[in-house]
Amino acid sequence: MPSLIHTLQKLVRKVDQAPNIQQALDIIVDNLIDALKIDICSIFINSPDDDDKLLLMANRGLNQGIVGRVRLSRGAGLVGMVAEKAEPVRLQDAHLHKSFYHVEGSGEEAYPVFMGIPIISQRKVLGVLVLQRAKLAFDSDDEAFMTTLATQLANAISHASRSGQISQLLSEDNVSVSCTLQGVAGAPGLTMGQAVVINHGVSLHSVPDKNVSGDQAILDEIINFDESVETVKQSLYEQADRMKESLPVEECALFEAYAQMLDSGSLIDDTCQLIRQGLWAPAAWRNTVEAHAEIFTSMEDEYLAERANDILDLGRRVLQRLLSSQSRERNYPQEFLLVGEQISAADLASVPLDRLRGIVSEHGSGSSHVAILAHALGIPAVMGVANLPYTRMEGLTVVADGYSGKAFIDPKQSLKQELQQHIADEQSLTDSLRAIKDKPAVTTDGFRVSLFVNSGLMADLTPSLMSGAEGVGLYRTEVPFQVRESFPSEEDQFRIYREVLKTFQGKPVVLRTLDVGGDKPLSYFPIREDNPFLGWRGIRITLDHPDIFITQVRAMMRANIGLNNLHILLPMISGIQELDDALILIHRAKDETEEEVQQEIRFPRVGAMIEVPSSIYQIDEICRLVDFVSIGTNDLTQYLLAVDRNNESVAALFSSLHPSVIRAIEQVVLGASRQDTPISVCGELAGDPIGVMVLIGLGIESLSMSTGSLPRAKKVIRSFSMAELKAYIREAEGTLEADDIRSFYIEKLEQRGLGGLIRAGK
Ligand code: PEP
Ligand code: MG
């Protein structure tokens with residue numbers, strides 16, 4: 001039925017463009033009436049505050065004034081029946097059905113032909129679409145069409161519901177923006193403060209076209225343009241300098257790179273060219289910036305899209321200058337969160353960092369530059385918050401939960417108190433845990449556990465060292481690669497690795513070779529694949545690019561001279577051949593380095609990450625080739641359960657406490673112990689108090705986690721005996737679900753008065 005498919009596509013496009021959910025629903029009912037030749041079309045949606053009630057939210061064909069008045073209980077009437085059964089219902093004469101319920105004053109009496117389609121998202125019925133007619137029965141084609149439409153609608157409704165739009169629509173007070181929004185975790189921590197909205201002021205597309213004529217006028221435009229660019233560039237360099245007080249030089253490279261974009265010949269030349277053709281500078285600049293940004297946007301790559309944002313952000317800054325709208329001096333509250341459509345790394349540099357408590361951004365992800373910098377500064381960040389009502393948020397209280405990716409906007413008094421309590425609890429827990437900072441991580445019966453930190457930023461190093469960590473269990477070398485605009489040179493890398501190894505002198509430091517691809521792209525090394533997690537990533541890339549690999553390993557080996565605490569870790573090992581090939585290259589890098597420095601250097605210990613399921617079944621063979629193995633529970637869980645670690649739709653299925661994951665870890669522990677190979681865990685599970693209990697119970701003696709997780713992990717270890725933790729593993733053996741395993745361990749923690757270690761929302 002080509003015409004219906006066409007109708008559907010058109011309708012979906014219109015719905016996508018609707019400014020809010022109410023208009024989207026109205027568009028649907030209006031269009032369906034015409035397209036399907038029906039008399040009545042209605043959309044019922046679940047009440048946000050009572051799952052048992054369905055509210056009539058949009059209608060055409062019934063008597064006026066009925067929308068908003070009709071509330072049906074689930075199971076009541078035909079609409080309730082559709083919701084209850086979660087199946088489509090078609091009836092020739094609805095009035096004869098035993099569940100028929102007549103809504104007084106609706107005017108539906110003359111339309112007995114009925115079709116109800118449930119709107120379902122993630123197993124949950126969100127609402128019901130209802131079509132009614134006087135005569136002609138609905139057929140299976142109509143049902144198929146409407147079911148397809150309902151699946152599309154489900155996304156919009158689910159989104160609107162999560163972003164608080166539906167509650168807002170129904171609330172008496174339509175001006176309130178109070179809501180809880182789900183974004184993605186950008187940088188960890190829980191924080192509260194007043195919103196300061198970053199408004200980039202002038203918008204490029206609102207610049208009108210204007211012509212200039214005459215040599216002098218054109219020259220004036222070019223001079224004005226050059227001065228504006230120069231001023232912005234200067235202020236970016238100043239900001240980079242200011243950031244150097246808070247961030248190490250390495251991360252400041254980002255700001256300089258940002259300023260250097262303004263040196264790019266094409267941005268400036270293209271603009272001047274347009275001015276010479278008679279366009280005034282703001283419009284010439286707008287055209288150039290939008291054209292450059294468009295090139296990146298159309299590349300469909302998250303990292304390149306970020307570059308487009310950088311260009312647009314620079315564009316707005318220069319435009320602001322060009323239009324001489326001096327940036328107002330702002331008064332920043334004592335404790336504030338930066339909020340906006342797109343918080344840029346440069347925005348961070350222009351605010352008083354000592355008062356900045358958090359970041360909430362409508363766009364961006366955990367891998368955005370601003371998130372990486374926020375992490376380095378210890379500032380919680382929530383990114384990618386769809387429908388963030390930032391234009392109405394100035395001055396409102398905002399809570400950002402950088403662990404779960406939730407943003408609470410203007411929380412109601414009771415929620416606010418609850419959140420304040422969480423923040424206070426977290427603070428006092430952190431304070432109390434300081435007391436055990438210098439104590440060893442040893443169980444009550446004397447089993448010693450080594451605790452290491454995961455790192456990737458220079459800014460992490462000092463806090464990591466201060467945390468009492470025994471070394472770095474995982475240094476993600478891709479992070480310094482990500483904050484740059486091109487591959488770092490061997491010299492750049494040498495400086496970074498030297499600093500890391502030196503900071504932890506005398507303690508082991510595990511540098512992982514470049515692990516990009518999948519969800520960790522590099523802007524300057526685009527990889528386009530349909531299935532990136534199963535594609536070219538980790539060791540696969542570096543083996544295919546021995547130039548990148550050898551340069552990196554040489555930098556590591558040179559950095560290790562005289563320190564000898566380097567361990568090299570190979571990511572994403574899926575078979576023996578990869579390991580053999582990598583070891584050959586590492587040997588080559590050693591020979592080359594020795595030749596270059598004219599001295600013998602010590603061969604570092606080399607380990608393999610166990611994060612691809614195939615490696616579990618070759619664990620003995622792998623162990624025979626390496627000095628240690630480290631389990632990456634993030635990817636191991638993702639691949640074992642076939643659940644994308646970044647996909648919100650399947651997030652509920654992602655659990656490293658899944659019995660299969662625990663069994664897989666057990667197999668790795670057994671294999672490593674058969675071969676007498678040291679084993680550690682460096683995925684997120686290692687920093688989760690329950691994960692700590694499970695992993696130690698399985699016999700793991702070494703854990704690596706983010707600095708912030710370390711005190712809690714130590715507290716858990718010091719509160720239980722090894723005998724108890726082993727007994728818990730046996731007791732929980734038959735448990736079938738991850739949630740039940742979690743509950744089992746929570747109970748054990750609570751019995752020991754340690755329930756507070758498990759943060760709410762986890
Ligand atoms: C892992 O996969 O568990 C891991 C530690 O590596 P990353 O999170 O960097 O992929
Ligand atoms: Mg991994």
Side-chain angles (χ1 to χ4, degrees), residues 185-190 366 375-376 378 380-381 401-405 426 429-430 432-434 436-437 439-443 449-457 460-461 463-476 479 508 510 512 569 609-611 630-638 645 651 654-658 661-662 665 679-698 700-720 725 738 741-742 745-746 748-749 754-762:
L190 188 62
H375 204 142
D401 182 345
Y403 299 106
S404 67
E426 177 150 301
L429 186 65
T430 309
S432 75
L433 292 178
R434 244 177 238 135
I436 56 168
K437 186 174 103 34
K439 300 235 162 80
V442 57
T443 60
V449 182
S450 301
L451 297 186
F452 296 90
V453 282
N454 291 348
S455 177
L457 288 162
D460 270 338
L461 293 181
S464 298
L465 190 64
M466 305 300 289
S467 70
E470 293 163 58
V472 177
L474 169 66
Y475 186 85
R476 292 180 163 103
V479 179
V510 180
R512 183 172 69 184
L569 180 60
M609 282 203 75
I610 303 298
E611 53 182 345
S630 186
I631 306 179
T633 52
N634 310 335
D635 278 314
L636 187 62
T637 306
Q638 152 164 276
R645 61 195 264 191
F654 186 97
S655 173
S656 298
L657 290 174
H658 189 292
V661 180
I662 295 178
I665 296 172
I679 178 170
S680 68
V681 176
C682 62
E684 291 305 301
L685 188 66
D688 171 359
I690 292 175
V692 170
M693 294 173 78
V694 171
L695 294 170
I696 295 174
L698 289 173
I700 288 174
E701 299 171 26
S702 162
L703 301 173
S704 190
M705 61 198 74
S706 66
T707 312
S709 307
L710 209 125
R712 284 173 168 75
K714 196 184 273 186
K715 179 76 184 169
V716 169
I717 294 164
R718 294 177 58 83
S719 304
F720 291 89
L725 296 174
I741 293 181
R742 181 165 280 277
Y745 279 96
I746 288 180
K748 304 295 176 203
L749 281 170
L754 298 173
L757 292 178
I758 306 293
R759 267 184 336 92
K762 255 211 150 177

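- Minimum heavy-atom separation, Gln638 to Arg645: OE1-N, 2.8 Å.
- Of the N and O atoms on the side chains of Ser630 and Ser680, at least one donor lies less than 3.5 Å from an acceptor on the other residue.
- Within the 4.5 Å cutoff, the side chain of Arg712 has heavy atoms near those of the Leu433 side chain.
- Taken to the nearest 0.5 Å, the CZ atom of Arg512 stands 7.0 Å off from the CG atom of Leu569.
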Apply side-chain contact (heavy atoms from CB on, under 4.5 Å) to the pair His658 and Thr637, showing each step before the final yes or no. CA-CA 8 Å; His658 189 292; Thr637 306; 5.9 Å; no
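- In this structure, the side chains of Phe452 and Pro508 come closer than 4.5 Å at one or more pairs of heavy atoms.
- Rounded to the nearest 0.5 angstrom, Leu695 CG and Leu725 CG are separated by 10.5 Å.
- Between Tyr403 and Glu426, the closest heavy-atom pair is OH-OE2, 3.0 Å.
- What you find for Glu684 and Thr633 is that their closest heavy atoms are N-OG1, 3.5 Å.
- Side chains of Ser467 and Ser464: no donor on one and acceptor on the other come within 3.5 Å.
- Side-chain N or O atoms of Tyr475 include none that pairs as donor or acceptor with a backbone N or O of Val510 at under 3.5 Å.
- When atom types are taken as modelled, the side chain of Glu470 and the backbone of Ser450 share no donor-acceptor pair closer than 3.5 angstrom.
- Of the N and O atoms on the side chains of Ser706 and Asn454, not one donor lies less than 3.5 Å from an acceptor on the other residue.
- Here the OH atom belonging to Tyr745 is positioned 11.5 Å from the CG atom belonging to Asp688, to the nearest 0.5 angstrom.
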Criterion side-chain contact (heavy atoms from CB on, under 4.5 Å) on Leu749 and Phe720, from CA distance to verdict: CA-CA 9 Å; Leu749 281 170; Phe720 291 89; 3.9 Å; yes
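- Between the OG atom in Ser656 and the CG atom in Asn634 there is a gap of 6.5 Å [rounded to 0.5 Å].
- Distance NZ/Lys715 to CG/Leu757: 7.5 Å, rounded to 0.5 Å.
- Lys748 places none of its side-chain heavy atoms less than 4.5 Å from the side chain of Ile746.
- Put simply, CG on Leu698 and CD1 on Ile679 are 9.5 Å apart, with the number rounded to the nearest 0.5 Å.
- Smallest separation of non-hydrogen atoms from Pro711 and Gly708: CD-O, 3.5 Å.
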Val661/Leu657 under side-chain contact (heavy atoms from CB on, under 4.5 Å): CA gap, chis, key distance, verdict: CA-CA 6 Å; Val661 180; Leu657 290 174; over 6 Å; no
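- Counting heavy atoms from C-beta outward, Ile717 and Met693 have side chains that stay 4.5 Å or more apart.
- Counting heavy atoms from C-beta on, the side chains of Leu474 and Arg476 come closer than 4.5 Å.
- For the pair Gly632 and Cys682, the tightest heavy-atom approach, listed with the atom from each and the gap, is CA-SG, 4.4 Å.
- The side-chain heavy atoms of Leu685 and Ile665, taken from C-beta on, include a pair separated by under 4.5 Å.
- Val449 places none of its side-chain heavy atoms less than 4.5 Å from the side chain of Ser702.
- Counting heavy atoms from C-beta on, the side chains of Val442 and Arg718 come closer than 4.5 Å.
- The two residues Ser432 and Leu429 come nearest to each other via the heavy atoms OG-O, 2.9 Å.
- Under the rule for a side-chain contact (heavy atoms from CB on, under 4.5 Å), Ala185 has no partner lying at least two apart in sequence or in another chain.
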Does Lys714 form a side-chain contact (heavy atoms from CB on, under 4.5 Å) with Val716? I'd like the steps, not just the answer. CA-CA 5 Å; Lys714 196 184 273 186; Val716 169; over 6 Å; no
